[in-house]
Amino acid sequence: MTDAPKLGFGPFAAPARGVLIVFCDDGVKFGSATAKALGSATGLVARAAKAERFTGRSGSSLDLIVPEGLKVARLVVIGAGKTSALEEKDFLKLGGLAMGKVPVSAAETTVFADLPDGPLEPEQAADLAQGIRLRAYAFDRYKTKRGDEDKSPEKRSITVAVGDVGAVRKAFDGREAIAGGVLMARDLVNEPANVLYPEEFARRTAVLKKAGVAVEVLDMKAMKKLGMNALLGVGQGSERESRVVVMRWNGGKKSDAPVAFIGKGVCFDTGGISIKPASGMEDMKGDMAGAACVVGLMQALAARKAKVNAVGLIGLVENMPDGNAQRPGDIVKSMSGQTIEIINTDAEGRLVLADVIWYAAQRFKPKFMIDLATLTGAIIVALGQEFAGMFANNDELAERLSKSGEATGEKVWRMPLAPEYDKMIDSRFADVKNTGGSRWAGAITAAQFIKRFVDDKIPWAHLDIAGTGFDSRQNDINRSWGSGWGVRLLDRLVRDYYER
Ligand code: BES
Ligand code: MN
Ligand code: ZN
């Protein structure tokens, strides 16, 4: 195991040791602070670039070991490509790329936040630093054998050299809070289900109290009293008890209605009696990625003292086959009073959401509600892992989510809701059935089911994150499986549109 390196800021100065990482554009041009630090090594860099056919294309890099004219042991030049219109997600990526070029053996690394146009703006440098943070995360707590980490020094530090240290530190405060939320969400998603079952998940949300979040846990008795039978039916085949956690952050005006976030927290989804095939079932430890995002988001909002009232609610269950498990054909009465015929016990997430969304609306009368759920394989068929599916009963909310997605790189694509799909979930025996009965439009009928538990007077969006909540591929800002997807998106939504 290697600890994440310590991250700090300092003024531009040629470092006397360690690794120096600098950026150039697609003409291999440097900013003036960088050019000054390179000094007499400038010619060497140009020759190396030519020899390697390095052109500064975005994402490419050039490594020079013990470069003549510099005191550092290694110089890394990273291409930023065209630098005229870089935004938040691009600076995150540059930070991630830089972190990716830090060798395990490096004790001290200096990253120059400088481009041909000049030093990065404080906000941009803070985004870059956030990218470093996100990339440096590793989930290795269950690795007992060391790989090449034995080359790793006791302490590792990364200094981001910037124009205005004070201003960047200030801008980084909020980014650090958000990164903390992302990493918390990743930890929860990566954790195996034998460790992270509903009660343990609920216990772990207690750390949010330190940031000023009120945390309340509903136990079996409380949920039964509220009539959350749709949620309880999912958990009834498990040895583990179900839980609902309510988190509240009050950073806004007292009289302001809160914004509400609701997460699917299926700690493990075997499918229940409608059991899933064995292949790939291990991924279903991540079927609580929606809940993890809500927890990470609440942590982020509180840690950066967001000027908003926000509530986060998560439904925590384990979906297991058992002598006491729910059967296909069973009919349950949800908290809303609507009855649900269970057609497939593997369509469990919508059952959990039905009760938690209903409860959230009744109790908090929120300004809007957004639910996140690894809900359907069908959304992966439609959108792959690049976009989350978005369903909404309100165009303004949908538009704002799309914009926040573009800015952060956590992108959403709007999918339809319509009465024609709604008909597909009418039940012969109850008010509604939990699947459309066909694989066609599987993500839409799931959203249509949830909509039956939403009061249309409240703007609502459902994000199907089955494709984005966890990811076996690695990208520039995440090397782990759990992605923490949605924390940055929703933080940005709140920041841009709902803070006073
Ligand atoms: N948790 C799954 C959806 C899922 C699949 C998430 C792959 C992440 C990756 C969900 O509970 C489920 O099983 N959905 C079924 C619904 C079907 C039975 C109507 C599905 O998508 O097959
Ligand atoms: Mn399922
Ligand atoms: Zn599921």
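Order of appearance sets the numbers: ligands from 1, and atoms from 1 within every ligand. Quick note: residue numbers are just sequence positions, from 1. Computed from heavy atoms alone, side chains included, the values below leave out hydrogens, waters and symmetry copies.
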Distance-only polar pair, side chains of [X] and [Y], donor-acceptor under 3.5 Å:
X: Asp464; Y: Thr376; value: yes
X: Tyr497; Y: Glu399; value: no
X: Asp431; Y: Thr339; value: yes
X: Asp471; Y: Ser483; value: no
X: Asn309; Y: Asp256; value: no
X: Gln338; Y: Ser336; value: yes

(request) May I ask you to list the protein N, O or S atoms found at less than 2.8 Å from the Zn ion (ligand 3)? (result) Lys264 NZ, Asp269 OD2, Asp287 OD2, Glu348 OE2
(message) Tell me whether the count of non-hydrogen atoms from other residues, nucleotides or ligands lying under 6.0 Å of NZ in Lys451 goes above 12.
(response) no
(request) May I ask you to check whether over 12 heavy atoms, not counting those of Lys367, lie within 6.0 Å of atom NZ? (result) yes
Would [X] and [Y] pass as an ion pair if we require N to O under 4.0 Å?
X: Arg175; Y: Asp127; value: yes
X: Glu176; Y: Arg133; value: yes
X: Lys403; Y: Glu406; value: no

(request) Select all protein residues for which some heavy-atom-to-ligand 1 distance is less than 4.0 Å, and list them by chain and number. (result) Lys264, Asp269, Lys276, Met284, Asp287, Asn344, Asp346, Glu348, Arg350, Thr374, Leu375, Thr376, Gly377, Ile380, Thr435, Ala466, Phe470
(message) Listing request: all ring pair (Phe, Tyr, Trp, His ring centres under 6.0 Å) pairs with a residue in residues 446-476, at least two apart in sequence or in separate chains.
(response) Phe391-His462, Phe449-Phe453, Phe470-Trp481
(request) Kindly say whether the aromatic ring centers of Tyr498 and Phe368 come within a distance under 6.0 Å. (result) yes
(request) With the Mn ion (ligand 2) as the centre, enumerate protein N/O/S atoms below 2.8 Å in chain and residue order. (result) Asp269 OD2, Asp346 O, Asp346 OD1, Glu348 OE1
